[in-house]
Amino acid sequence: QVQLVESGGGLVQAGGSLRLSCEGSGRTSTAYTMAWFRQAPGKEREFVAAIEWSGDIQDYEDAVKGRFTISRTSAKNTVYLQMNSLKAGDTAVYYCAGAPAYGRRWPPRRVDEYPYWGQGTQVTVSS
(Lines give C-alpha, C1' and ligand atoms only; values in the text may rest on other atoms or scores of the structure.)
Protein backbone atom coordinates (compact mmCIF):
# COMPACT_ATOMS: atom_id res chain seq x y z
CA GLN A 1 0.00 0.00 0.00
CA VAL A 2 2.85 2.38 0.87
CA GLN A 3 6.27 1.97 -0.70
CA LEU A 4 9.45 3.69 0.48
CA VAL A 5 12.73 3.69 -1.43
CA GLU A 6 15.96 5.20 -0.07
CA SER A 7 18.89 6.49 -2.10
CA GLY A 8 21.95 8.68 -1.72
CA GLY A 9 24.14 6.52 0.48
CA GLY A 10 27.83 6.11 -0.20
CA LEU A 11 31.36 6.68 1.04
CA VAL A 12 32.31 10.08 2.43
CA GLN A 13 35.27 11.47 4.37
CA ALA A 14 34.89 12.53 7.98
CA GLY A 15 33.73 16.14 8.13
CA GLY A 16 31.99 15.83 4.79
CA SER A 17 28.34 15.92 3.85
CA LEU A 18 25.82 13.57 2.30
CA ARG A 19 22.11 13.81 1.53
CA LEU A 20 19.81 10.81 1.67
CA SER A 21 16.47 10.68 -0.12
CA CYS A 22 13.35 8.65 0.54
CA GLU A 23 10.68 8.49 -2.14
CA GLY A 24 7.18 7.49 -1.09
CA SER A 25 4.42 6.10 -3.27
CA GLY A 26 1.13 4.27 -2.92
CA ARG A 27 -1.75 5.28 -0.66
CA THR A 28 -0.46 8.69 0.36
CA SER A 29 -3.77 10.51 0.81
CA THR A 30 -3.37 10.22 4.59
CA ALA A 31 -0.83 12.44 6.35
CA TYR A 32 2.27 10.50 7.41
CA THR A 33 4.95 10.92 9.99
CA MET A 34 8.29 10.09 8.39
CA ALA A 35 11.56 9.16 10.05
CA TRP A 36 15.10 7.99 9.54
CA PHE A 37 16.67 5.16 11.53
CA ARG A 38 20.13 3.66 11.28
CA GLN A 39 21.72 0.35 12.15
CA ALA A 40 25.41 -0.43 12.44
CA PRO A 41 26.69 -4.05 12.22
CA GLY A 42 25.92 -5.91 15.44
CA LYS A 43 23.96 -2.97 16.83
CA GLU A 44 20.29 -2.30 17.45
CA ARG A 45 18.41 -0.17 14.94
CA GLU A 46 18.26 3.34 16.39
CA PHE A 47 16.22 6.48 15.82
CA VAL A 48 17.86 9.36 13.96
CA ALA A 49 15.21 11.94 13.04
CA ALA A 50 11.47 12.35 12.42
CA ILE A 51 9.28 14.89 10.66
CA GLU A 52 5.54 15.35 10.98
CA TRP A 53 4.10 14.74 7.51
CA SER A 54 1.28 17.26 7.89
CA GLY A 55 3.49 19.98 9.38
CA ASP A 56 7.04 21.25 9.90
CA ILE A 57 7.75 19.78 13.34
CA GLN A 58 11.03 17.87 13.52
CA ASP A 59 12.75 15.72 16.13
CA TYR A 60 16.36 14.53 16.34
CA GLU A 61 18.45 12.12 18.32
CA ASP A 62 20.91 14.02 20.50
CA ALA A 63 23.92 12.55 18.69
CA VAL A 64 22.94 14.19 15.39
CA LYS A 65 21.44 17.49 16.57
CA GLY A 66 23.05 20.43 14.82
CA ARG A 67 24.57 18.18 12.14
CA PHE A 68 21.61 16.44 10.48
CA THR A 69 18.46 18.00 9.03
CA ILE A 70 15.31 16.15 8.03
CA SER A 71 13.07 17.81 5.44
CA ARG A 72 10.40 17.07 2.85
CA THR A 73 9.36 18.29 -0.56
CA SER A 74 6.32 20.51 -1.03
CA ALA A 75 4.52 17.50 -2.51
CA LYS A 76 5.38 15.56 0.68
CA ASN A 77 6.25 12.43 -1.25
CA THR A 78 10.00 12.73 -0.75
CA VAL A 79 11.87 13.03 2.55
CA TYR A 80 15.53 14.01 2.86
CA LEU A 81 18.20 13.62 5.49
CA GLN A 82 20.96 16.20 5.05
CA MET A 83 24.01 14.99 6.97
CA ASN A 84 26.83 17.45 7.66
CA SER A 85 30.03 17.18 9.70
CA LEU A 86 29.90 13.41 9.36
CA LYS A 87 31.81 11.26 11.82
CA ALA A 88 33.03 7.68 11.65
CA GLY A 89 30.36 6.82 14.22
CA ASP A 90 27.67 7.76 11.69
CA THR A 91 28.57 4.72 9.58
CA ALA A 92 25.48 2.52 9.31
CA VAL A 93 22.68 1.38 7.07
CA TYR A 94 20.09 4.16 7.06
CA TYR A 95 16.40 3.29 6.78
CA CYS A 96 13.43 5.44 5.89
CA ALA A 97 10.23 4.74 7.85
CA GLY A 98 6.66 6.00 7.71
CA ALA A 99 3.46 5.83 9.74
CA PRO A 100 -0.03 7.40 9.56
CA ALA A 101 0.23 10.61 11.60
CA TYR A 102 -3.27 11.06 12.99
CA GLY A 103 -3.44 10.48 16.72
CA ARG A 104 0.14 9.24 16.92
CA ARG A 105 2.41 9.92 19.86
CA TRP A 106 4.96 12.66 19.25
CA PRO A 107 7.81 12.26 18.82
CA PRO A 108 7.64 8.65 17.58
CA ARG A 109 11.09 7.15 18.14
CA ARG A 110 10.35 3.44 18.38
CA VAL A 111 10.81 0.97 15.54
CA ASP A 112 7.46 -0.67 16.27
CA GLU A 113 5.63 2.64 15.72
CA TYR A 114 6.41 2.53 11.98
CA PRO A 115 4.60 0.00 9.76
CA TYR A 116 6.33 1.07 6.53
CA TRP A 117 10.05 0.77 5.83
CA GLY A 118 12.46 1.22 2.97
CA GLN A 119 15.19 -1.23 2.02
CA GLY A 120 18.02 0.81 3.53
CA THR A 121 21.04 2.59 2.09
CA GLN A 122 24.64 2.22 3.28
CA VAL A 123 26.52 5.25 4.60
CA THR A 124 30.22 4.82 5.27
CA VAL A 125 32.32 7.60 6.79
CA SER A 126 36.10 7.28 6.54
CA SER A 127 38.46 9.00 8.96
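These numbers come from the heavy atoms of this one structure, side chains and all, not from hydrogens, waters or symmetry mates. Small disclaimer: the values here were computed from a predicted structure and weren't measured.
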F68 and Y94 aromatic ring geometry - parallel, tilted or perpendicular at 30°/60° bounds: tilted
Heavy-atom pair with the smallest gap, counting every atom of P100 and P115: CD-CG, 4.1 Å
Any side-chain heavy-atom pair of T124 and V12 under 4.5 Å: no
Quiz item: cation-pi between R45 and Y95, 6.0 Å / 45°: yes
Sub-4.5 Å side-chain heavy-atom contact between Q122 and T91: yes
Taking every non-hydrogen atom, the tightest pair across L18 and G10: CD2-N, 3.9 Å
Hydrophobic cluster membership, V111 vs V2, 4.5 Å side-chain cutoff: no
Pairwise side-chain contact, R38 with E46, heavy-atom cut-off 4.5 Å (strictly under): yes
Nearest atoms (heavy-atom pairs only) where T33 meets P108: CG2-CG, 3.6 Å
Separation between OG of S7 and CZ of R19, rounded to the nearest 0.5 Å: 9.5 Å
Sub-4.5 Å side-chain heavy-atom contact between S126 and L11: yes
Common cluster, V48/V93, ILVMFWY with side-chain heavy-atom separation under 4.5 Å: no
Connected via hydrophobic side-chain network under 4.5 Å: V79 and V123: yes
Single-linkage hydrophobic cluster I51~L20, side-chain heavy atoms < 4.5 angstrom: yes
Taking every non-hydrogen atom, the tightest pair across Q39 and K43: NE2-O, 3.1 Å
Reported CD-to-CD distance for the pair Q3 and Q119, which is rounded to 0.5 angstrom: 11.0 Å
Gap between atom CD of E52 and atom CG of D59 - 0.5 Å precision: 11.5 Å
Pair Q58, Y60: side-chain N/O donor-acceptor within cut-off below 3.5 Å: yes
Flag side-chain contact, heavy atom, 4.5 Å: T69 against Y80: no
Centroid-centroid under 6.0 Å between F47 and W36 rings: no
Donor-acceptor contact below 3.5 Å, side chain S17 vs main chain N84: no
same_hphob_cluster(I70, L4) at 4.5 Å side-chain heavy-atom cutoff: yes
Donor-acceptor contact below 3.5 Å, side chain R67 vs main chain S85: yes
Atom pair CG/CE of L81 and M34 - distance to nearest 0.5 Å: 12.0 Å
S21 and C96, any side-chain heavy atoms less than 4.5 Å apart: no
Reported CD-to-OG distance for the pair Q82 and S71, which is rounded to 0.5 angstrom: 8.0 Å
Carboxylate-amine/guanidinium contact K65 D62, below 4.0 Å: yes
Non-hydrogen atoms of Y114 and A35 that approach each other most closely: OH-CB, 3.4 Å
